[in-house]
Number of protein chains: 2
Amino acid sequence: MDEEASRRYAEEVGVALTQMGTTPSFGTLLGWLLICEPRAQTITQLCDAVGLSKASVSTGMRALEQSGLVRRVPASGRGHAYEIHDDAFARAIDPTAKMRTFLEVLQRGLDLVGDDEARAQRLRHSRDFYAFMIERVPALMEEFRTSEASTHPSSTVAGTGPQEEMS
Amino acid sequence: MDEEASRRYAEEVGVALTQMGTTPSFGTLLGWLLICEPRAQTITQLCDAVGLSKASVSTGMRALEQSGLVRRVPASGRGHAYEIHDDAFARAIDPTAKMRTFLEVLQRGLDLVGDDEARAQRLRHSRDFYAFMIERVPALMEEFRTSEASTHPSSTVAGTGPQEEMS
DNA sequence: TATGGTGTTCAAAACATTCTGAACATACGG
DNA sequence: CCGTATGTTCAGAATGTTTTGAACACCATA
């Protein structure tokens, strides 16, 4: 329950995610939404909680929403509130996203060096590695999803939200 | 062969990797090492090729070396040179590295909220997802490695280098 | 041990990003 | 339809990162 500990936790998540390439406000807001009470929070509540300006919270929340980690819900009083998805990370994170963009880069490199065997080898191995992982990881995620569904049948409906990047 | 096209490619890799969280010099150097001829290059050669200062190349190469993508080799003349590993990405990239750090963060969150069921649910699902992936992805990588070994038996010895982070 | 090429480190400049306050829109309730 | 609570946008300030030039160490050779 400890309000101050929660705030510290939000900051902690903030620095962890910042190291992974997000903005500090993005990570801090996500951290707060992971543990806050009540679960759904308005922009004003978020401002108070994490100590950021309305402007930062507004843009930060849009980013969180577009990345599929958080959704807008009708607020009790005026306006609207935001809450994190139960399965936020499993739904919003595509572990192969970066691999796909780099697969393209490697392929262009192979096109560039043509059939110069000596140089091609450097590129080919890495390209094949990514191709393999990209093909196989989705099945892994699907396996997790089904196993979860059978263990906790009360899951939310599986609306496949936007698959944005984060990690 | 086209010298200028190669330079452009190095820059292209540079921006791709910068978007994934590296410094521009890190990515550009890696891009150049992917396609340069000869394969092993001294710091001086790299300076000329990518148009960065000696200082940037020096620190950039140390980062590449520590991340396990590149190794030092004895140079023909004076000093030493650097060359990229054939299996650079498959060996240097641990797709679960970020998941592991975030798994810890989620676990700390669960410790913090204790047995408050309502709040715990938000954290638990994501934690379980990461735990699942972290457990399973290594086997996938191993599967690729063995399949490669049987296809191209001429691979280099599998010295398990430092498993630093990049993507 | 002097010399030249080679590589490293560091403070400061160049650069880019993020956050904020304030002005502007929007929508609801009275 | 007005007043108020709410939400958005944007220029500039604050902050952080990357690169660089220059001074310093190293090492082979003669």
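Order of the sequence lines sets the chain letters (A, B, ...), proteins ahead of strands, with each chain counted from 1.
For A:Arg62, counting side-chain heavy atoms from C-beta on, the closest listed nucleotide (C:dG7, C:dC19, D:dT8) is D:dT8. Closest to the side chain of B:Ser53, out of D:dG21, C:dA22, D:dT18, is D:dG21. Across C:dC19, C:dG7, D:dT8, the shortest atom-to-atom separation from the side chain of B:Ile43 is found for C:dG7. Proximity note for A:Ala55 (side chain, C-beta onward) versus C:dA22, D:dT8, D:dA22: the nearest is C:dA22. Candidate nucleotides C:dC19, D:dT18, D:dT8 were compared by shortest atom distance to the side chain of A:Ser56, and C:dC19 ranks first. Among C:dT20, C:dT8, D:dG7, the nucleotide with an atom closest to any side-chain atom of B:Tyr82 is C:dT8. In this structure, the nucleotide among C:dC10, C:dT8, D:dT18 sitting nearest to the side chain of B:Lys54 is C:dT8. Closest to the side chain of A:Thr59, out of C:dC19, D:dT9, D:dT8, is D:dT9.
Atom CD in B:Gln19 sits roughly 14 Å away from atom P in C:dA16 (whole-Å rounding). Atom CG in B:Leu29 sits roughly 14 Å away from atom P in D:dT18 (whole-Å rounding). Note: CZ (B:Arg72) to C1' (C:dT6) measures 11 Å, nearest angstrom. Remark: P of C:dA14 and CG of B:Leu52 are 17 Å apart, rounded to the nearest angstrom. As a whole-Å value, the separation of B:His80 NE2 from C:dT6 C1' is 8 Å. The separation between B:Phe26 atom CZ and D:dT19 atom C1' is 16 Å, rounded to whole Å. To the nearest angstrom, C1' of C:dT6 lies 16 Å from CD of B:Gln41.
The side-chain hydrogen bond (donor to acceptor under 3.5 Å, both in side chains) search around A:Glu143 returns B:Arg136, not counting sequence neighbours.
Other residues, nucleotides and ligands contribute more than 12 heavy atoms inside 6.0 Å of the CG atom of B:Asp111.
Note on A:Ser25: only backbone sugar-phosphate atoms sit closer than 4.0 angstrom, heavy atoms only; bases stay farther off.
Within the 4.0 Å cut-off from OP1 or OP2 of C:dT18, not a single side-chain nitrogen or oxygen of A:Thr23 is found. For D:dT8, the OP1/OP2 oxygens have a side-chain nitrogen or oxygen of A:Ser58 closer than 4.0 Å.
Side-chain atoms of B:Arg127 do not come within 3.5 Å of backbone N or O of B:Gln107 as any donor-acceptor pair. Not a single donor-acceptor pair under 3.5 Å links the side chain of A:Glu135 to the backbone N or O of A:Phe132. Looking at A:Thr28, its side chain does come within 3.5 Å of a backbone N or O of A:Pro24 through a donor-acceptor pair.
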